[in-house]
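Here is how names work: the chains are called A, B, and so on, in the same order as the sequence lines, proteins then strands, and each is numbered from 1.
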There are 2 protein chains.
Amino acid sequence: MITSFTEENYLKSIYHLSPDEGTAVNTNAIAESLNTKAASVTDMLKKLADKEFINYIKYQGVTLTPLGRERALNIIRKHRLWEVFLVEKLNFKWDEVHDLAEELEHIHSDLLINRLDEFLEFPKTDPHGDPIPDKHGKFNVPELIPISKLKNETSGIISGVREHSPLFLKYLEKTGLVLGQEIKIKEQIEFDGSFIISIKENDIMISREVAKNLLIAI
Amino acid sequence: MITSFTEENYLKSIYHLSPDEGTAVNTNAIAESLNTKAASVTDMLKKLADKEFINYIKYQGVTLTPLGRERALNIIRKHRLWEVFLVEKLNFKWDEVHDLAEELEHIHSDLLINRLDEFLEFPKTDPHGDPIPDKHGKFNVPELIPISKLKNETSGIISGVREHSPLFLKYLEKTGLVLGQEIKIKEQIEFDGSFIISIKENDIMISREVAKNLLIAI
DNA sequence: TTATATTTTTAGATTAATCTAAAAATAATT
DNA sequence: AATTATTTTTAGATTAATCTAAAAATATAA
Ligand SMILES: [Mn+2]
Ligand SMILES: [Mn+2]
Ligand SMILES: [Mn+2]
Ligand SMILES: [Mn+2]
């Protein structure tokens with residue numbers, strides 16, 4: 001079954017908005033994430049249901065079928081592999097690759113993407129720490145915890161982000177909070193929930209907002 | 001000015017169908033090359049003329065404006081650089097890359113394509129021997145002659161093809177008639193216009209059809 | 001549990017790209 | 001020069017994706 005550029009963005013969006021397999025995603029949530037209107041979403045949901053990519057019950061939201069999930073993961077695989085290519089081979093920064101990958105993920109060729117995977121030596125994660133599904137759609141979700149949930153004196157390695165906006169990524173870069181960097185929690189300020197952490201012998205302060213969006217492997 | 005996938009294919013087609021800058025391209029020729037109907041072409045020509053990519057006079061065919069030519073060359077540059085990438089880095093064969101490049105050429109990012117150009121070390125020609133315009137749209141047209149126009153005992157290097165179909169390219173590959181290979185014309189058979197040429201100490205026969213589509217640098 | 005607020009769907013339009021069939025213009029032949 | 005053939009354009013529809021405004025369903029609160 002062929003899928004259009006637009007249908008693929010919907011499938012990916014539904015996947016990302018699904019907290020877990022069973023629970024349904026709302027029309028409005030999809031509309032917001034794709035910058036469209038709810039009416040447009042309803043139209044598309046009917047179409048995706050016809051094509052058996054989603055289970056759709058009027059007014060009850062949607063879940064992906066196994067077929068839809070497979071397709072969503074295939075697009076996510078492509079997105080993340082292209083991001084690795086852009087950063088590793090073409091010297092893009094991690095805050096510059098998202099929009100380009102958003103286009104490249106729609107190139108239709110499994111052979112191309114499998115060759116790219118091989119060329120990149122089968123990376124397990126993308127430049128933002130997100131896992132890359134293999135050609136069968138399999139991947140393991142690393143157990144990452146936001147800094148905001150860590151106790152004082154805990155150490156860990158920065159391994160992912162919850163927020164992918166260029167502004168946030170650029171800030172992290174500037175502050176040295178890059179993937180692979182070891183950090184240690186020193187203190188949480190009760191007043192505003194900000195944290196003092198140590199990084200490379202220095203103590204720095206990060207806001208609660210940042211702490212919630214920076215993920216650590218312990 | 002933004003251009004859609006479709007508009008870009010039209011511009012490229014008009015460019016390829018233009019024998020030289022001045023002479024106009026017919027509606028029917030465009031329709032045939034894009035596998036659409038003449039009526040659809042007329043609609044699109046009006047649109048491209050509005051956007052000032054082409055000079056269009058009803059019933060008189062079209063020529064590209066400088067702006068249209070620039071855009072067409074930009075797309076051709078992308079097409080050919082992606083082809084080089086696919087062959088050089090991802091181990092595709094020269095007969096496998098066209099359709100993929102046909103999609104990839106529409107990724108909108110000059111930064112991406114300039115970085116790719118650099119990554120590939122600024123190739124001058126694509127896997128089929130066609131010249132790659134630089135970032136300013138400049139390129140030099142190599143002087144290539146089809147085998148069918150060569151005299152006996154002439155030697156030369158295979159440097160391009162006039163026909164890009166996978167069938168033809170696969171045949172050339174199998175026969176050893178690849179880019180860079182030196183050949184020598186031995187004899188032309190008057191009866192059917194076929195040629196006997198020598199390649200790596202062996203004499204082989206190629207049809208007139210093949211001879212017309214294989215380009216040589218002397 | 002009735003009234004109010006929110007969410008979702010339908011109705012009806014719009015825009016881009018395409019098509020078929022018919023009309024108009026141009027080119028080729030008697 | 002008149003007729004015929006070919007090419008090109010217009011007229012009118014269709015399909016995908018989108019929108020606004022209004023109606024319907026569901027959720028929340030008095
Ligand atoms: Mn996308
Ligand atoms: Mn990513
Ligand atoms: Mn194309
Ligand atoms: Mn080529």
Side-chain angles (χ1 to χ4, degrees), chain A residues 1-14 17-19 22-64 68 71-72 75 102-103 105-108, chain B residues 1-14 17-19 22-64 68 71-72 75 102-103 105-108:
Chain A
M1 176 72 71
I2 326 130
T3 41
S4 69
F5 191 101
T6 312
E7 290 169 336
E8 292 179 359
N9 283 338
Y10 272 86
L11 289 175
K12 197 157 62 93
S13 172
I14 294 166
L17 291 168
S18 302
T23 47
V25 178
N26 301 324
T27 300
N28 265 347
I30 299 168
E32 195 185 357
S33 100
L34 293 173
N35 286 304
T36 53
K37 296 293 144 79
S40 309
V41 173
T42 300
D43 283 347
M44 182 57 83
L45 294 183
K46 287 177 189 164
K47 201 168 130 196
L48 292 172
D50 279 349
K51 293 189 170 188
E52 303 192 329
F53 288 120
I54 60 172
N55 308 112
Y56 171 52
I57 307 167
K58 262 193 197 180
Y59 295 100
Q60 304 307 134
V62 294
T63 56
L64 290 171
R71 186 59 60 97
I75 302 158
E102 204 58 45
E103 281 196 66
E105 70 190 358
H106 304 291
I107 302 291
H108 285 119
Chain B
M1 177 73 69
I2 326 129
T3 41
S4 70
F5 191 101
T6 311
E7 291 169 337
E8 292 180 359
N9 283 338
Y10 272 85
L11 289 176
K12 197 158 61 95
S13 171
I14 294 166
L17 291 169
S18 303
T23 47
V25 178
N26 301 324
T27 301
N28 264 348
I30 300 169
E32 195 186 356
S33 101
L34 293 173
N35 287 303
T36 54
K37 296 293 144 78
S40 310
V41 174
T42 300
D43 282 348
M44 182 58 82
L45 293 184
K46 287 177 189 165
K47 202 167 129 193
L48 292 172
D50 279 350
K51 292 188 172 190
E52 303 191 328
F53 289 121
I54 60 172
N55 308 114
Y56 170 53
I57 307 168
K58 262 194 196 180
Y59 295 102
Q60 303 306 135
V62 295
T63 56
L64 290 172
R71 187 58 60 95
I75 301 158
E102 204 58 44
E103 281 196 66
E105 70 190 0
H106 303 291
I107 301 291
H108 285 119

Heavy atoms of A:I107 and B:E103 approach each other most closely as CA-OE1, 3.7 Å
Among [options], which nucleotide sits nearest the side chain of [X]?
X	options	result
B:K46	C:dT18, D:dT10, C:dT8	D:dT10
A:D43	C:dT26, D:dT18, D:dA21	D:dT18
B:T36	C:dC19, D:dT10, C:dT8	C:dC19
B:T27	C:dT10, C:dT18, D:dT8	D:dT8
A:A39	D:dC19, C:dT20, D:dT10	D:dC19
B:Y56	D:dT9, C:dT18, D:dT20	D:dT9

Would you mind checking if B:R71 and B:E7 are paired as a salt bridge, meaning a charged N to carboxylate O distance below 4.0 Å? no
Taking the basic N atoms (NZ, or NE/NH1/NH2) and the acidic carboxylate oxygens, is any pair closer than 4.0 Å for A:K12 and A:E102? yes
Measure the distance from [atom1] on [X] to [atom2] on [N] and round it to the nearest whole Å.
X	N	atom1	atom2	answer
A:F5	D:dT15	CZ	P	24 Å
A:I2	D:dA16	CD1	C1'	13 Å
A:E32	C:dT7	CD	P	11 Å
A:Q60	C:dT9	CD	C1'	13 Å
A:N26	D:dA25	CG	P	19 Å
A:I57	D:dA25	CD1	P	16 Å
B:I30	C:dT18	CD1	P	13 Å
A:L45	D:dT18	CG	P	12 Å

Touch class at under 4.0 angstrom, heavy-atom based, for B:T6 against every strand present: sugar-phosphate
Please determine whether a side-chain nitrogen or oxygen atom of [X] lies at a distance below 4.0 Å from atom OP1 or OP2 of [N].
X	N	answer
B:Y10	C:dT18	yes
A:K37	D:dT20	yes
A:S40	D:dT18	no
B:N28	D:dT6	no

Near B:E52 CD, under 6.0 Å, is it more than 12 heavy atoms from other residues, nucleotides or ligands? no
Do other residues, nucleotides or ligands put more than 12 heavy atoms under 6.0 Å from the CD atom of A:E32? no
So which one's nearest nucleotide on DNA chain D is more toward 5', A:K58 or A:A38? A:A38
Which residue lies more 5' along DNA chain D, comparing A:E7 with A:Y59 via nearest heavy atoms: A:E7
Side chain to side chain contact (heavy atoms under 4.5 Å, CB included) partner of B:V62, chosen from B:L48, B:I30, B:N55: B:I30
